[in-house]
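Sequential numbering from 1 along the given sequence is applied to the chain's residues. Remember, it's 1-based here, ligands and their atoms both numbered in the order they're listed. Model, not experiment: these values are computed from the prediction.
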Amino acid sequence: MIDRAAVEAVLNAIPDPATGRGLVEAGVPKGLTVTEDRAGFVIEVPADRTAAYAPVRDAAEAALKAMPGMARVSVILTAETAPAARKASLSPAAVEQTRAKAPVPTDRPAHVRRVLAVASGKGGVGKSTVSVNLATALARRGLSVGILDADVHGPSLPTMLGLSGKPDYVDGAMVPHRAHGLKAMSVGLLTKAEDAMVWRGPMASQALTQMLTQTRWGTEDQPLDVLVVDLPPGTGDVQLTLIQKTPLDGAVIVSTPQEVALADARRAHTLFQRVNVPTLGLIENMSGPVFGRGGAEAEAGRLGVDFLGDLPLEASVREAGDAGAPLTSGDVADRFDAIAAAVAQKLGL
Ligand SMILES: Nc1ncnc2c1ncn2[C@@H]1O[C@H](COP(=O)(O)OP(=O)(O)OP(=O)(O)O)[C@@H](O)[C@H]1O
Ligand SMILES: [Mg+2]
């Protein structure tokens, strides 16, 4: 049984590089959660300080893992979208200075606080299903949520959300469709699906960049809290290019319980590690008597990432997708609510 005070004491023994005080005293850990045998929190710093805080994240993770009885630790380091501007303790001049030093990555979509990837190594495991239902579950939490279908080779969001028609353009930016409380954009809306199928790597990644950066996801007054990106399946060069070019704050990996899918989930995790994108956790889909159960949780344990939950293989899930109407109630919707709560916490939302 892990004690919250003990966790805080361990964290407080690590100095905050900015203030020299202990991490807890300096208010560095955000959203600290301590359960029976786990602990996790988020460190949110201005974009230009992430490198300085990486050793802090590592030290905190190592120190917590060393606590007796601790089974799992997740410390997530993320960059603030508005560098330091919200910190009242900084003088206006200091804020300006921080701003000037923090380069805005060109591919970062404007007025979007967090970008979350939904990935899988293997195709057909339910990535798009999870993207749509996780996005609507995040929206049920009161967050402003967008969803981007980055699967340029087989866009499925138009079907799953019941979207049709090309987006409007306003001042050179695309206006996302609104459906089921989400702002949605899919390459399937921009081009005929048959055309999308033949796109090769560079074109595919260019199309994604355009949809990311040229869509009016949010405004200065009403930023989008989180953009869920439904990535194409696979762990090859195309996927690597896509995730390198996309400013991702975290990824969830979907897998079915079978070994082949788990092996691909492992590869997907490795791919994200290579580009320093935190894997927020694994989700087991199509869990049950057909494909088995528990494989993804065991795999998460081996990879040292969180297990976010399992979703049963159930006709209602497929029917909802086919009908273009995400699930809004029932056991599976409840499971998505729980996953959304964990994801929101990990993203510091
Ligand atoms: N838990 C589930 N129960 C029943 N059917 C499901 C479940 N999850 C997904 N499906 C169905 O399985 C099919 C594949 O799901 P989906 O399109 O979400 O997978 P994907 O990983 O996005 O596939 P792709 O790799 O082609 O993009 C769909 O018909 C979907 O409705
Ligand atoms: Mg898909």
* If you measure from CD on Glu314 to CG on Asp331, what distance do you get to the nearest 0.5 Å? -> 6.5 Å

* Structure fact -> For Pro233, the ligand 1 atoms with a heavy-atom partner under 4.0 Å come out as 25 (O)

* **Atom indices of ligand 1, in the order listed, that fall short of 4.0 Å to a heavy atom of Lys127** => 18 (O), 19 (O), 20 (P), 21 (O), 22 (O), 24 (P), 25 (O), 27 (O)

* **Atoms of ligand 1, numbered as shown, that sit under 4.0 Å from any heavy atom of Leu313** => 1 (N), 3 (N), 4 (C)

* Top protein contact for atom 10 (N) of ligand 1, by heavy-atom distance -> Met286 CE, 3.7 Å

* **Atom pair CZ (Phe307) and CD1 (Ile283), whose distance is rounded to the nearest 0.5 Å** => 8.5 Å

* Heavy-atom contacts under 4.0 Å between Ser128 and ligand 1: side chain, backbone, both, or neither? -> both

* So is Val125 polar-close to ligand 1, meaning N/O to N/O under 3.5 Å? -> yes

* Structure fact -> Restricting to heavy atoms, the pick from Val118, Thr129, Asp149 nearest atom 15 (O) of ligand 1 would be Thr129

* **Ligand-residue contact atoms, ligand 1 with Pro312, heavy atoms, under 4.0 Å** => 1 (N), 2 (C), 3 (N)

* Asked: Charged N to carboxylate O below 4.0 Å: is that the case for Glu259 and Arg266?
  -> yes

* To do: Determine whether the side chains of Thr219 and His111 contain a donor N or O and an acceptor N or O closer than 3.5 Å.
  => no

* Confirm or rule out an N/O/S atom of Ser131, from backbone or side chain, lying less than 2.8 Å from the Mg ion (ligand 2). => no

* Structure fact -> With heavy atoms and a 4.0 Å threshold, my read on which part of Asn285 contacts ligand 1 is side chain

* Please check if Val130 and Phe291 belong to a single hydrophobic cluster, counting links between Ile, Leu, Val, Met, Phe, Trp and Tyr side chain heavy atoms closer than 4.5 Å. => no

* Should Lys122 be listed as contacting ligand 1, given a heavy-atom distance under 4.0 Å as the test? -> no

* N/O donor-acceptor pair under 3.5 Å between Lys183 side chain and Pro176 backbone -> no

* Least distance between heavy atoms, Leu327 atom then Ser316 atom -> CD2-O, 4.0 Å

* Asked: Crowded around Arg274 CZ? As in, over 12 foreign heavy atoms under 6.0 Å?
  -> no

* Are any of the side-chain nitrogens in Arg4 or Glu8 under 4.0 Å away from the carboxylate oxygens of its partner? -> yes

* To do: Scan side-chain atoms only and decide if Asn285 and Thr256 contain a donor-acceptor pair under the 3.5 Å cut-off.
  => no

* Which part of Ser156 is near ligand 1, with near meaning a heavy atom under 4.0 Å away: side chain, backbone, both or neither? -> neither

* So which protein heavy atom does atom 7 (C) of ligand 1 come closest to, and at what separation? -> Val317 CG1, 3.6 Å

* To do: Name the closest protein heavy atom to atom 5 (N) of ligand 1, giving the residue it belongs to and the distance to 0.1 Å.
  => Arg318 CB, 3.6 Å

* **Protein residue, atom and distance nearest to atom 17 (O) of ligand 1, heavy-atom basis** => Met160 CE, 3.5 Å

* Asked: atom 16 (P) of ligand 1: which of Gly124, Gly126, Ser316 has the nearest heavy atom?
  -> Gly126

* Closest non-hydrogen atom pair, Ser186 against Leu157 -> CB-CB, 4.2 Å

* Given the protein's heavy atoms, is any one of them under 4.0 Å from atom 28 (C) of ligand 1? -> no

* Can you pull out the closest protein heavy atom to atom 3 (N) of ligand 1? Residue, atom name and distance to 0.1 Å, please. => Glu314 N, 2.9 Å

* Asked: Under 4.0 Å from atom 13 (C) of ligand 1, do we find at least one protein heavy atom?
  -> no

* To do: Using a strict cut-off of 4.0 Å, indicate which atoms of ligand 1 neighbour a heavy atom of Gly123.
  => 25 (O)

* Rounded to the nearest 0.5 Å, how far apart are CG of Leu313 and CZ of Arg318? -> 9.0 Å

